[in-house]
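Data block below; observations after.
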2 protein chains.
Amino acid sequence: MTIEEMCEHKSMRMTDQRRVIAKILDNADDHPDVEELHKRACLIDKNISVATVYRTVRLFEEAGILVRHEFKDGRSRYENVDTSDHHDHLIDIENGEIIEFMNEEIEVIQKKIADTLGYELIDHRLELYGRPKATKKNPK
Amino acid sequence: MTIEEMCEHKSMRMTDQRRVIAKILDNADDHPDVEELHKRACLIDKNISVATVYRTVRLFEEAGILVRHEFKDGRSRYENVDTSDHHDHLIDIENGEIIEFMNEEIEVIQKKIADTLGYELIDHRLELYGRPKATKKNPK
DNA sequence: CTACATGCAAAAGATTTGCTTTGCG
DNA sequence: CGCAAAGCAAATCTTTTGCATGTAG
């Protein structure tokens, strides 16, 4: 289901701006920040303001349509929620590339840790920061 | 070894302000942010400016004396590095309390994940956000 | 029609920085 | 003494907000 369809199901008021932003997010396979979203939105309609982008992503986040991430670069990045059957992220510190991964084992341990400490696990954040290994394929 | 001693070993220039901030950090058993550090510093010397606190924690961080954390509350919090035989954090979303924990198993898996993806693990972030379980001790 | 969304610019919150003065080594 | 550090305020950066205007339903 597209984001626009989700919005309609939740009977949100659909404006041109929201449709543009929704479409961009549907097509994004990366983790764009607001500036990047605004840039892409302006290619379609140069009158969309950053304020609207901020308001829209917040709206979508609150509606459970997007997830917000704050990696160590200091700005918020967004990701389509339906893509994510829950995964975590590895950030390439050399070029900023973000790789998704999933690990059931860690999920289980996390829950167990929280439980042991007397907590119900509500949310978590797991980010790995790595540098590409020197590829030694075809060593001479 | 106290922070002040570490600074001297690294032949940093020691000012009164730095000594005050160093001492506060030595005595802190929590994860104070800059505002909190500044508040505590002012109790000792009301002339210390926030700018100095910011500069000092950055200095200490770069010298490997402090670790900076950015939990989901949006500001940086600092922790004495020597205390930490590497641990992660569980944040109580009800009252902001921060609990440290250690889990060797997760560390190993993380390294393995990075390796599998072709990366050398440089850094990571693992935070659990939880709500205290209803304690049913002594149920009547 | 009317409540809600947008644009714009100003405000806010955290952190950094330029510049002058102060003080450690 | 000289160069690094402090203080203060102004500047930055990201995100939010107030207000007048536009528009979806």
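Letters go in sequence order (proteins before strands), and every chain restarts at 1.
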Taking side chain as C-beta onward, heavy atoms only, is B:Arg55 less than 4.5 Å from B:Gln17? no

Can you tell if the side chain of B:Glu79 reaches within under 4.5 Å of the side chain of B:Glu100, non-hydrogen atoms only? yes

Spacing of B:Met12 atom CE relative to D:dA5 atom P, expressed in whole Å: 9 Å

Just how far, in rounded Å, is P of C:dT22 from CZ of B:Arg55? 16 Å

Has A:Arg18 got a side-chain N or O lying under 4.0 Å from the OP1 or OP2 atom of C:dA5? yes

Between B:Ser49 and D:dC8, is there a side-chain N or O to OP1/OP2 distance below 4.0 Å? no

Does a side-chain N or O from B:Gln17 land closer than 4.0 Å to OP1 or OP2 of D:dG7, or not? yes

How are the rings of A:His87 and A:His31 set to each other: parallel, tilted or perpendicular (split at 30° and 60°)? perpendicular

Given D:dT15, is OP1 or OP2 found less than 4.0 Å from the side-chain N or O atoms of A:Ser76? yes

Compare side-chain N and O positions of A:Arg58 against OP1 and OP2 of D:dT17 and report whether any pair is under 4.0 Å apart. yes

Kindly point out which of C:dG7, C:dT15, D:dT15 is positioned nearest to the side chain of A:Val34? D:dT15

Please tell me if A:Thr15 has a side-chain N or O lying less than 4.0 Å from either OP1 or OP2 of C:dT6. yes

Could you check how far CD of B:Glu4 sits from C1' of C:dC24, rounded to whole Å? 13 Å

